[in-house]
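Report on one structure; see the data block that follows.
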Amino acid sequence: MKIALDFYRRPDPVQVAHDLLGKYVYTNINGVLTGGRIVETEAYAHINDQACHSHLGRYTARTQIMYEPGGVAYVYLVYGRYALFNIITNEAGKADAVLIRGIEPTVGIPEMLLRRGVTEVKRNLTGGPGLLTQALGISTQHYGTDLTGTTIWLEDQQEPVAEDLILASPRVGIDYAGDDAALPWRFRIKGSKWTSPAR
DNA sequence: ACATTGATCCGCT
DNA sequence: GCGGATCAATGTA
């Protein structure tokens, strides 16, 4: 089942990030299907969260898509090298987002190896936010893509993740956010070898 | 128009 | 465990 808009438009991005674990993300780019199971996410909120690009109503050329109704892709370049794939959540004007940080590859593995320029199926194929975008072929040209369309979409395969397998911890790489960096808004499936290295 | 800064990854120690 | 790559977006003037 493709995930419908009401899933993304719920008001709490932390809940959406939590619920995305165990779901599947697919891309069909240049006619090639690739995809995998989501094992790591992070939530960003537009209020009371200095780490979020839209915090306190910042509205710029980069962040304008965040103010759309939930269910579109927010892709941006970080450190001049890596595209990061976010899902916009909540209703129009409430610019929340969930960053997809890690997936377990399931479909189109040969193509993903090719795109990543590696030969082994191990963590550095899709385990990390800048890596899974390369593997899935997601780039900044997918900024604003409708996630209920046929280029990038998510599916619920009815494989819920047991609550005691979900690890909530502080987000990484956002020291500039002050106290908000301590919020436990990073979700991982315990024991998955496809998440970012432990910290 | 210019200077600063990252929601990261990789290679070397 | 640490530092460098590398550049678009953002803030400041």
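In what follows, chains are A, B, ... by sequence order, proteins preceding strands, each numbered from 1. The figures here come from the full heavy-atom set of this structure, side chains too, leaving out hydrogens, waters and symmetry mates.
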- Query: Would one find a side-chain N or O of R81(A) under 4.0 angstrom from OP1 or OP2 of dC10(B)?
  - Reply: no
- So, Y79(A) and dG6(B): ring centres less than 5.5 Å apart, planes less than 30° off, yes or no? no
- Query: Expressed in angstrom and rounded to an integer, what is the separation of F85(A) atom CZ from dC9(B) atom P?
  - Reply: 16 Å
- Per atom distances to the R58(A) side chain, the nearest of dG11(C), dA7(B), dC10(B) is dG11(C)
- Note on the structure: Quick note, H53(A) side chain, CB onward, closest among dG11(C), dA8(C), dA7(B) is dA7(B)
- Note on the structure: With the side chain defined as heavy atoms from C-beta on, P129(A) is closest, among dA8(C), dC9(B), dA7(B), to dC9(B)
- Measure from CG on D180(A) to P on dA7(B) and round the result to the nearest Å. 14 Å
- Counting only side-chain N and O atoms of Y176(A), is one of them less than 4.0 Å from OP1 or OP2 of dA7(B)? yes
- Message: If you define the side chain from C-beta out and look only at heavy atoms, does anything of Y26(A) sit under 4.5 Å from E155(A)?
- Response: yes
- Message: Categorize R62(A) for me: base, sugar-phosphate, or nothing, with a 4.0 angstrom heavy-atom threshold over every strand shown.
- Response: sugar-phosphate
- Message: Which nucleotide, if any, forms a Watson-Crick or G-U wobble pair with dC2(B), using both distances under 3.5 Å?
- Response: dG11(C)
- Using only side-chain N and O atoms of R186(A), determine if any of them is under 4.0 Å from OP1 or OP2 of dA7(B). no
- Criterion side chain to side chain donor-acceptor pair (under 3.5 Å) on R115(A) and Q134(A), from CA distance to verdict: CA-CA 6 Å; R115(A) 287 177 181 155; Q134(A) 276 183 22; over 6 Å; no
- Note on the structure: Closest heavy-atom pair, A17(A) versus E42(A), reported as atoms and distance to 0.1 Å, is CB-C, 4.3 Å
- Item | N or O in side chain of T60(A) less than 4.0 angstrom from dA9(C) OP1/OP2 | no
- For the residue pair Y67(A) and Y59(A), categorise the inter-ring angle as parallel (less than 30°), tilted (30 to 60°) or perpendicular (more than 60°). tilted
- Answer with base, sugar-phosphate or nothing: what part of the nucleic acid does L84(A) contact at a heavy-atom distance below 4.0 Å? sugar-phosphate
- Between CG of L77(A) and P of dT10(C) the distance, given in whole Å, is 12 Å
